[in-house]
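Here is the structure we will look at, set down as structure tokens.
Lettering of chains follows the sequences in order, A, B, ..., and the numbering in each one begins at 1.
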Amino acid sequence: MTAPPEGFRHLPGHFPPDAQASLLEAVRAVVARAPLYVPTLPRSGKEMSVRMTNCGALGWVTDAARGYRYQATHPVTGEPWPSIPGILLDLWAEVSGYPHPPEACLINFYSATAKMGQHQDRDETDFAAPVVSVSLGDDCLFRIGGTKRTDSTVSLRLRSGDVAVLGGESRLAFHGVDRIYPDTSTLLKNGGRINLTLRRVTKP
DNA sequence: GAGTGTCG
DNA sequence: CCTT
């Protein structure tokens, strides 16, 4: 594939450095109440390489016993997820083209060696809304294909402050993160990458 | 056989 | 290739 699928939009540098710092502060406040944990895959129970948490009414979680799902509480603490920071609600209103607020914001932390295999975001009931993604920290190599696993893919480098929107055909496109480029950003003192994905889960 | 796995 |  020479071009990303229809409906995919990459907005490089959407957030300037000061806004990235504000986002990071908001993420830290979420993580203080909803700690990062190690998700495990359905069936195999294999640990994923990313560390994960959420904010919003619903959070995406996975474990060996119950598989992929959305739930209102943190799987380790049992507490409700913190609310989605205003700056992210504003982003959603600006770029989603969807007239209702997001319900979930998945927060993935990638160490220098973390990866995310090709997958579809398909645990939501409402695919009319796009998935809106924000990158913070080190650059990554993001790869996106079509709605079939065998479709050809394109790779692009996502940098801190970039926003990506998966709408239209690309809403159900296979995508993943092949690698992190260490020490390409100074936003996170200890390196790594944070990805925020905003999603509408239920039909309004 | 499939996988939000791993490895090359 | 490994695991369920």
Atom pair distance, as rounded to whole Å: [atom1] in [X] and [atom2] in [N]:
X        : N     : atom1 : atom2 : value
A:Asp63  : C:dT4 : CG    : C1'   : 15 Å
A:Met48  : C:dT3 : CE    : C1'   : 16 Å
A:Gln120 : B:dA2 : CD    : P     : 14 Å
A:Gln118 : B:dT6 : CD    : C1'   : 15 Å
A:Arg122 : B:dA2 : CZ    : C1'   : 13 Å
A:Arg179 : B:dT6 : CZ    : P     : 16 Å
A:Met116 : B:dC7 : CE    : P     : 16 Å
A:Lys46  : C:dC2 : NZ    : C1'   : 5 Å

Under the 6.0 Å and 45° cation-pi test, does A:Arg51 pair with A:Phe109? no

May I ask you to check if A:Arg200 and A:Tyr98 form a cation-pi contact, with NZ or CZ under 6.0 angstrom from the six-membered ring centre and within 45° of the axis? no

Do A:Phe174 and A:Arg143 come close enough that some side-chain heavy atom pair is under 4.5 Å? no

Contact class for [X] (heavy atom, under 4.0 Å): base, sugar-phosphate, or nothing?
X        : value
A:Asp123 : base
A:Glu47  : nothing
A:Pro39  : nothing
A:Gly117 : sugar-phosphate

Mate of B:dG3 across any strand shown (Watson-Crick or G-U wobble, both atom pairs under 3.5 Å) is C:dC2

According to a strict under-4.0 Å criterion, is A:Arg43 in side-chain N/O contact with OP1 or OP2 of B:dG5? no

Does a salt bridge link A:Arg69 with A:Asp63, judged by any charged N lying under 4.0 Å from a carboxylate O? yes

Electrostatic pair A:Asp151:A:Lys148 at N-O distance under 4.0 angstrom: yes

